[in-house]
Every structure is written in structure tokens, then in C-alpha cells.
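Convention: sequence-line order gives letters A, B, ...; per-chain numbering from 1.
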Number of protein chains: 2
Amino acid sequence: MTTRTAAERKADAKAQYNAFLAVCPSHQILGRVSGKWVALVLSALGSGPDCAGDARPMRYSELARVLAGVSPKMLSQTLRSLERDGLVSRTATATVPVTVSYELTALGLSLHHTVHQLKLWAERHRDDVAAHQDRYDAT
Amino acid sequence: MTTRTAAERKADAKAQYNAFLAVCPSHQILGRVSGKWVALVLSALGSGPDCAGDARPMRYSELARVLAGVSPKMLSQTLRSLERDGLVSRTATATVPVTVSYELTALGLSLHHTVHQLKLWAERHRDDVAAHQDRYDAT
DNA sequence: GAAAGTAGTTACTTTAAAGTGAGCTGCTAC
DNA sequence: GTAGCAGCTCACTTTAAAGTAACTACTTTC
């Protein structure tokens, strides 16, 4: 068959598009960064615990204290995925008890800077967005 | 009681942190942008259907064709939320049949530029990230 | 001797986002 | 007279991400 219905052509296009999305680097990165704790960890490691200083290594428990809402499961899951991507390095020291510290790699730091721009945008335009929302909801 | 157990203090800190996250502008924007279709719509409207040109208004059906995998529900939901935030403007023309076009506002265009930086990062570092993943998975 | 800090793991449950499929109105082309 | 385009909405189901709780094992402090 060379002739196909519109529905068939549409399904085909959709499959192709999904395949494209699966390998699209921008889409992958956006998916990674949009995890609930990813940006928070990146920010803590990249701008210090107060989110206003310089990058410095932090221990597991220190991160858990700063990101007050995170469960141990989510924290280690997030750190593991960032480590897998080469964005964070993990260093264990054999003290008693063991000390584990996490630090942004050069790659992680560069991603942090990029994500930080998004944050700056958000802070600059928060009032603007809120005003638009109020106007929209009023009608 | 002025003395509390560690568990109580932790629960308290968690509640406070969650309240903080709920109003944090960066977190809100990240949540908005990380919707599956948001970045895709932003990109289509901000860089043209081929994602390599200039911003220009597009019709509902044109967007649906370009974003081949999107369902009518998700497309209108996404457009509605972007419109609510003042990022996209909707213009209906009373032709037969009706013509509806969507266009980035100045605010939407500025967000598009910021998100675009993230995309450029992703494209620049995709190989680097993939290499780290392979090394990590091998061990 | 109960609780806290050290850095996690495992199994189970919840929930919010996304997907599916149908339907709507009015018109046109094959 | 079936199918298509145009621009949606509504109800239902699926699924992946996140949350919850419990447990590891060893040390130190109240």
C-alpha cells in the first residue's frame, strides 16, 4: 500500500517524533535537571549551603540538613544520578565513622552556571508572571 | 515544651522547607519549564518550526503537526498555562473555519532565550555526559 | 540504655502528570 | 457519504516519580 489514511500517517509521525525525543540531548538534560532535588543539590554544591557563596564540597549529612525536606533515599538517588553523569564526584574517607563528601566537577559547575541563569530569570520576572496570572484568573 | 526530640525538629524543618519551596520563584519556573511539552512549544514558537530560525506566530494545527507526538489535550493544556503566565498570546480570527494563532510575548521570548542556553549546554556536552555514563555503568 | 550521628539500602505506597479515546461544531473536498 | 480540517473539551486510565517507613552497623554523648 502506498496510500494510507491520515490516522496511519499520524501514528507514524508520532513514533518517529518519540524516537527523536528519546535521543535529543536538550530533552535529556531538561529531564535530568527537572528532578525535584537535582537543581537543589546543584545549587547547594555550586553556591554553598546558603546558596549565595562559592562552590565547595559537602558531606552527605550536610546536604541532608540544608535540603531539609529530602529523604535519604531521594538524596542518594539524586547524588548517584549526578555522579553517573559526571556532574558530581564522590569521595569517601575511611575515618570512624566514614566521611563521604560530594563536590561538583568542572562539568557540573558549568551546568550549575547555566541553570543559575534560569534562576536569575525567575527572580527577575516573578512579579511580572504573577501579575499575568492574576489578570488571567480574574477573567 | 521547649525541648524536643530530633525527630520533631526534623519534621519542623521539613515543613518550613516545603513552605519555602512552594513560593520559591526559581523552583516554580523550573516546574513550569520541565513539563513534557513546554520546552518544545517554547522552542517551536521561539525558533520557528524547524527550531533554527526566528520567532513567529503559529497556528494550533501547525504546532500539532510540528510536535508530532502531542495530543490535542496536552497541546491546549500547555498553551493555556503558558498564556496564563503571560508567556504566550492567543489570537483568534473569525474566519471560516476559525483561525487561532499563538505567539511568544516579549516575556516568553526572553524565557526562550534563557532555556535555549540550557539547550546549547546540552548539545555541547552530550558526548562528555555519555562518556561518563558509560564509564560509570561499566563498573 | 535511649537517643543521636555517620551513610546509606530495600520494599511498599501514594500522587500528579501524561496518555487514551471519544465527542463536539461547522464546513469542504472526493 | 466518508473523510478531512479546524480547535478544542471531557472522562477515564496508566505510569513514573516521589514519598514513607523500617532496617543496617558501629560510636559517642546525655
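Rounded to the nearest 0.5 angstrom, A:T114 OG1 and B:H125 NE2 are separated by 7.0 Å. Rounding to the nearest 0.5 Å gives a distance of 5.0 Å between CG of A:D128 and CG of B:L107. For the atom pair OH (A:Y17) and CZ (B:R65), the distance works out to 13.5 Å, reported to the nearest 0.5 Å. Put simply, CG on B:D85 and CG on B:L111 are 9.5 Å apart, with the number rounded to the nearest 0.5 Å. With rounding to the nearest 0.5 Å, the separation of OG1 in A:T78 from OH in A:Y102 is 10.5 Å. With values rounded to the nearest 0.5 angstrom, B:S101 atom OG is found 11.0 Å from B:M58 atom CE.
Summarising the local packing, CG of B:D134 is surrounded by more than 12 heavy atoms from other residues, nucleotides or ligands at distances under 6.0 Å. Dense packing is recorded around CG of B:D50, with more than 12 heavy atoms of other residues, nucleotides or ligands lying under 6.0 Å away.
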Enumerate, atom names and distances included, each donor-acceptor pair closer than 3.5 Å involving a side-chain atom of residues 35-47 of chain B, sequence neighbours excluded.
| from | atom 1 | to | atom 2 | distance (Å) |
| --- | --- | --- | --- | --- |
| B:S43 | OG | B:K119 | NZ | 2.6 |
| B:S47 | OG | B:H112 | NE2 | 2.9 |

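In the set C:dT6, D:dC5, D:dG7, D:dG7 carries the atom at the smallest distance from any side-chain atom of B:Y60.
When rounded to the nearest whole Å, the span between CG of B:L63 and P of D:dC5 equals 16 Å. B:R80 has its CZ atom 11 Å from the P atom of D:dC10, to the nearest Å. At whole-Å resolution of the value, CZ in A:R59 and P in C:dG5 are 12 Å apart. In this structure, B:L79 atom CG and D:dC8 atom P are separated by 8 Å, rounded to whole Å. Summarising the geometry, the separation between CG on B:L40 and P on C:dG19 is reported as 11 Å, rounded to the nearest angstrom.
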Protein-nucleotides 16-26 of chain D N/O pairs under 3.5 Å:
| from | atom 1 | to | atom 2 | distance (Å) |
| --- | --- | --- | --- | --- |
| D:dA18 | OP1 | A:K36 | N | 2.7 |
| D:dG19 | OP1 | A:K36 | NZ | 2.4 |
| D:dG19 | OP2 | A:W37 | NE1 | 2.8 |
| D:dG19 | N7 | A:K73 | NZ | 2.8 |
| D:dG19 | O6 | A:K73 | NZ | 2.5 |
| D:dT20 | OP2 | B:K14 | NZ | 2.7 |

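Remark: B:S76 is not in phosphate contact with D:dG7, judged by side-chain N or O atoms under 4.0 Å from OP1 or OP2. The phosphate of C:dG5 has neither OP1 nor OP2 within less than 4.0 Å of any side-chain N or O from A:R65.
Within 4.0 Å of B:T99, counting heavy atoms only, lie sugar-phosphate atoms of the nucleic acid but no base atom.
Sorted by residue number, the members of residues 82-94 of chain A with any non-hydrogen atom under 4.0 Å from DNA chain C read A:R90.
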